Amino acid sequence: KQEVTQIPAALSVPEGENLVLNCSFTDSAIYNLQWFRQDPGKGLTSLLLIQSSQREQTSGRLNASLDKSSGRSTLYIAASQPGDSATYLCAVIRSGAGSYQLTFGKGTKLSVIP
Amino acid sequence: NAGVTQTPKFQVLKTGQSMTLQCAQDMNHEYMSWYRQDPGMGLRLIHYSVGAGITDQGEVPNGYNVSRSTTEDFPLRLLSAAPSQTSVYFCASALTDREKLFFGSGTQLSVL
């Protein structure tokens with residue numbers, strides 16, 4: 001059974017700092033990995049998707065990397081802003097032959113202090 | 001595009017009652033899925049569909065039914081509500097299994 005772990009569970013940083021969020025998974029037979037942002041009381045918004053054949057994806061101040069062999073992904077946020085405060089979740093997707101299984105981590109709650 | 005629309009936003013049920021959570025998307029997405037989010041447990045997959053007429057179970061399917069008669073709609077039915085089904089429910093869709101997931105805004109369900 002796939003297990004996804006996110007460490008730390010919570011993180012507080014001063015504005016402007018660069019930071020890294022971690023995601024690890026136990027089964028490397030994944031199709032792709034996605035990073036999401038969730039604001040309190042809201043649904044999830046997909047930030048970055050990395051296919052299993054890719055090593056990283058970038059969008060603005062965000063950069064996500066994937067190392068399947070070690071079962072790890074990182075989300076790098078550059079020059080953090082108070083508006084980045086939210087819970088960040090990663091999900092691994094295993095798909096094929098009509099199957100579609102997603103496993104989420106429990107998230108990292110990020111607070112960026114002005 | 002409205003994206004993924006979930007109704008209702010809030011619902012209170014009594015134990016044993018049945019109800020249907022609605023999910024609709026207007027993006028012509030083939031893949032749709034339902035999750036529940038519980039404190040300390042994260043999001044867990046309940047059921048999913050890879051196209052109209054095709055559904056399958058996820059990690060926690062017991063007590064829930066789904067059907068997919070059209071591409072747009074993927075309702076989740078609670079057959080006989082139990083307090084353990086108190087949770088926030090999210091519906092999501094994707095064009096293919098290689099594309100980003102789009103989530104609805106959720107339904108907060110309380111079963112008394």
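Remember, predicted model here, so these are calculated numbers, not experimental data. Quick note on labels: first sequence line is chain A, next is B, and so on, each numbered from 1.
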Checking heavy-atom separations under 4.5 Å from chain B, one finds in residues 4-29 of chain A none
In this structure, CZ of B/Phe102 is separated from SG of B/Cys91 (nearest 0.5 Å) by 13.0 Å
d(B/Tyr89 OH, B/Thr86 OG1) to nearest 0.5 Å is 7.5 Å
Ordered numerically, the heavy-atom neighbours of chain A under 4.5 Å found in residues 25-39 of chain B are B/Tyr31, B/Ser33, B/Tyr35, B/Gln37
Assert top hit (heavy-atom pairs under 4.5 Å, partner chain A, pool B/Asp56, B/Leu101, B/Val88) equals B/Leu101
Exercise. Are any of the side-chain heavy atoms of A/Tyr31 and A/Arg94 separated by less than 4.5 Å?
Worked result: no
What one should report as the nearest heavy-atom pair of B/Gly104 and B/Phe90 is O-CD2, 3.5 Å
Exercise for the section: Look at the side chain of A/Arg37 and the backbone N and O of A/Asp39, then say whether any donor-acceptor pair between them is shorter than 3.5 Å. Expected result: no
Review point. Side chain of B/Thr96, backbone of B/Arg98: donor and acceptor closer than 3.5 Å?
Key: yes
Practice item. With the side chain counted from C-beta on, respond yes when A/Leu89 and A/Gln38 share a heavy-atom pair under 4.5 Å apart, and no when they do not. Key: yes
Is it the case that atom CZ in A/Arg72 sees more than 12 heavy atoms from other parts of the structure closer than 6.0 Å? no
One should read off an interatomic distance between B/Gln6 CD and B/Leu21 CG, to the nearest 0.5 angstrom, of 7.5 Å
Whatever's closer than 4.5 Å to a heavy atom in chain B on A/Gln2 counts as neither
To the nearest 0.5 Å, atom CD of B/Glu59 lies from atom CG of B/Leu45 at 7.5 Å
Check: Side-chain contact, heavy-atom cut-off 4.5 Å: B/Val66 with B/Ser49?
Finding: no
Checklist line | Polar contact flag, side-chain donor to acceptor under 3.5 angstrom, B/Thr107-B/Lys9 | finding: no
Distance only, no hydrogens: is a donor on one side chain within 3.5 Å (strictly under) of an acceptor on the other, for A/Thr74 and A/Ser65?
yes
The reported gap from CD in B/Glu99 to CD1 in A/Ile93 (rounded to nearest 0.5 angstrom) is 11.5 Å
Any non-hydrogen side-chain atom of B/Val111 less than 4.5 Å from a side-chain atom of B/Thr15? yes
- Item | Side-chain touch B/Ser18/B/Ser80, heavy atoms, less than 4.5 angstrom | no
task = Could you please spell out the steps behind the side-chain contact (heavy atoms from CB on, under 4.5 Å) verdict for B/Val50 and B/Tyr48?
result = CA-CA 7 Å; B/Val50 299; B/Tyr48 66 92; 4.0 Å; yes
Listed by number, the residues in residues 100-114 of chain A that come under 4.5 Å of chain B (heavy atom to heavy atom) are A/Tyr100, A/Gln101, A/Leu102, A/Phe104, A/Lys106
- Looking at side-chain heavy atoms only, is the closest gap between A/Arg61 and A/Ile77 below 4.5 Å? yes
The interface call for B/Leu43 against chain A, heavy-atom contacts under 4.5 Å, is both
Within residues 43-60 of chain A, the residues sitting under 4.5 Å from chain B by heavy atom, in sequence order, are A/Gly43, A/Leu44, A/Ser46, A/Leu47, A/Leu48, A/Leu49, A/Gln51
